[in-house]
Amino acid sequence: MQKPSLPSGTRDFAPQVLKRRQAIMRVLEQVFLSHGFDPIETPALENLKTLQGKYGDEGDQLLFRILNSGDFMGKAPEELRSDSKALSSHISDRGLRYDLTVPLARFVVMNRGQLTFPFKRYQMQPVWRADRPQKGRYREFWQCDIDIVGADSVLCEAELVEMYLESFAKLGLGVQVRINHRGLLDALLPALGSKSAWNEFMISIDKADKIGRDGVSQDLINREMGHAVPVWEWLCEAQDLDSFEAKLEAFEDRKIYEVEDANAQSVEQGKTACEKAIHDLKLLKSLLPDQASVVLDLTLARGLSYYTGAVFEVSADDARLPADFRLGSIGGGGRYDNLTGAFGLADVPGVGVSFGLDRIYDTMEAAGLFAEDSQAIAGVLLCPMDEESFALATQASRDLRAAGIPSEVYTSAAKLKKQLDYANNRGYALVGIIGDQERAEQCIMLKNLQTGQQEKIGMQQLIAQVKGVLGV
RNA sequence: GCGGUUAUAGCUCAGUUGGUUAGAGCAUCAGCUUGUGGCGCUGAGGGUCGCCGGUUCGAGCCCGGUUAAUCGCCCCA
């Protein structure tokens, strides 16, 4: 016998869990629709060519590849058979999608003739990453993405951030939305000296909340980037200012991009990027509802390989969470000005954010937000005592459903105890018992499982009686 | 890709310095109660102690390997 098992990092969702996940998705969907977003879905499988090269080297390694059908080895060049990395591109042409943004880009390019721009779409589907699973990290997980394609105004960023706030408020989860801008970080380039130093700097400062500020300084020294430590220290100083506006003013005053021995072109680019960022962020802030939960986080450096403007990250900030609860971000996104460039359609700007359904669920559960939701069914379970009662039970159940009341007939004429146990376990408020007595009188013994009271109700009065008890 | 921890019934876990036939709670099923539940009582079924090997008179327990899960690093939702 084979022991049943699940691939690492995947999960089954039992009814209780799935109902809650679906409830979360319904809340999000309602927000998305109310802001004028339309749904799309794309296939789980994409051509590997579509996916590769979009997520950096590390992302490419995390792609799930699908082995070609048929004699795939026979078609692979002989000399590559010992080199699994080179071989993989010959034996695999498809892979599972890694996120929803790249499929969106492909979709937009392929359907550009039919779409109305700006195109606002939402998409809630699973994605797959061949990552090592751990707490809050799965190999199959759901993203709920909203993107605006073909519009470059900060109005878009403001709407998306507002949708974050709106959604999490409706879910009842306290969050903090952190915002940064690629331009502010680009302004550091002259001081850091080179693009590769800039990249390493970003990797390092992104760890600040984990290893601390001194940890980052030490990390920079370890990376032989001692010259970057003053930049980091200045950034921390700015970060300590208490308002969104004050941090921006610090950038305005300091002109961090002005470095004496840097080349003029680099300084000029830094200046342009910085001024654009300051302008965008000021405007963005002015458009947002006045919320303490939106902060400018100068150390936020996520996913900069493809973002070109504002970047966002959402983390849980809820007093009901255990003090040691840490799960990384539950949402993130940003602006990418050349979304569709890789597919041959230039100059299509886009901005989008993602809701990490699985982490939102895990966080809400840890905060105890599901503790009180009852799984009760405000409906009626019909309990036939014998086969002769099936017809009356079926008819009663049908009538109840037609009146908008959930109802089912128990699956057999089992012992009453067993049927009542089922009703209790499922959380039914009412049961309707039907046996020979009820059949003779064309009525139902309607029993309230909370109070234990029961009375015979004629078929004509059943709906009204049930509605009265359930209060609907 | 790298490191730590764990692995005993469907689930959560006990299991003493290695010593008869491996236990509990929950869950399931049956009975107490021919058509009245939640509680209770009685009973039943359910285990190759992850897998392979070693040490020993004797291994769930000690040792080696292996697989899987889990936590952390990298990266990310």
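Naming convention: chains lettered A, B, ... in sequence-line order (proteins, then strands); numbering from 1 in each chain. All figures in this text were calculated on a predicted structure; none of them were measured in a lab.
A:D99 comes within contact range of no nucleotide atom at all, as no heavy-atom separation falls under 4.0 Å. Within 4.0 Å of A:L357, counting heavy atoms only, lies no atom of the nucleic acid at all. Using a 4.0 Å heavy-atom distance criterion, A:G136 is classed as a base contact. A:D421 comes within 4.0 angstrom of sugar-phosphate atoms only, judged by non-hydrogen atoms across all strands, and of no base. Among the heavy atoms of the strands, none lies under 4.0 Å from A:Q419. As judged by a 4.0 angstrom heavy-atom cut-off over every strand, A:E140 is placed among residues making no nucleic acid contact. Residue A:Y138 is classed as a base contact, given a heavy-atom separation below 4.0 Å to a base. Residue A:G328 is classed as having no contact, given no heavy-atom separation below 4.0 Å to the nucleic acid.
Applying the side chain to side chain contact (heavy atoms under 4.5 Å, CB included) test between A:L296 and each of A:H181, A:K247, A:K285, A:Q239 identifies A:K247 as the sole match.
Minimum atom distance to the side chain of A:Q454 is reached by B:rU36, of the listed B:rG35, B:rU36, B:rC75. The side chain of A:K415 lies closest to B:rG31 when the candidates are B:rG31, B:rC2, B:rG37. Among the nucleotides B:rG35, B:rC74, B:rG37, the one closest to any side-chain atom of A:L449 is B:rG37. Residue A:K207 places its side chain closer to B:rC74 than to any other of B:rC71, B:rC74, B:rU36. Set against B:rG72, B:rG38, B:rC74, the side chain of A:N424 has B:rG38 as its closest nucleotide. Comparing B:rU28, B:rC76, B:rC74 by their nearest atom to the side chain of A:Q134 picks out B:rC74. Distances were taken from every side-chain heavy atom of A:K447 (C-beta onward) to each of B:rG31, B:rC71, B:rU36; the shortest belongs to B:rU36.
Atom CG of A:D60 and atom P of B:rC74 are 21 Å apart (whole Å). Between A:E387 atom CD and B:rG35 atom C1' the separation is 17 Å, expressed in whole Å. Whole-Å rounding puts the A:Q450 CD to B:rU36 C1' distance at 16 Å. Atom P of nucleotide B:rG35 and atom CZ of A:R439 are separated by 14 Å, given to the nearest angstrom. Computed from coordinates, the A:L430 CG to B:rG37 P distance equals 17 Å when rounded to whole Å. Taking atom CZ of residue A:R11 and atom P of nucleotide B:rA68, one finds them 20 Å apart after rounding to whole Å. Rounding to whole angstrom units, CG of residue A:L416 and P of B:rG31 are separated by 14 Å. Atom P of nucleotide B:rG37 and atom OH of A:Y428 are separated by 20 Å, given to the nearest angstrom.
Phosphate contact (OP1/OP2 of B:rA69, side-chain N/O of A:S8, threshold under 4.0 Å): present. OP1 or OP2 of B:rC29 sits under 4.0 Å from a side-chain N or O of A:K418.
Taking 4.5 Å as the limit, some side-chain heavy atom of A:F119 sits within range of a side-chain heavy atom of A:L104.
Here A:Y98 and A:Y55 bring their ring centres to under 6.0 angstrom of each other.
Looking at A:R359, its side chain comes within 3.5 Å of the base of B:rC76 through a donor and an acceptor atom.
With hydrogens and angles ignored, the 3.5 Å screen pairs no side-chain donor or acceptor of A:R320 with any backbone N or O of A:M364.
Using a cutoff of 4.0 Å between basic side-chain nitrogens and carboxylate oxygens, A:K49 and A:D93 are not scored as salt-bridged.
Here, B:rG25 and B:rA44 have their P atoms 13 Å apart, quoted to the whole Å. With P as the reference atom, B:rG50 and B:rG60 are 10 Å apart, rounded to whole Å.
Donor-acceptor pairing under 3.5 Å is lacking for the side chains of A:N199 and A:S196.
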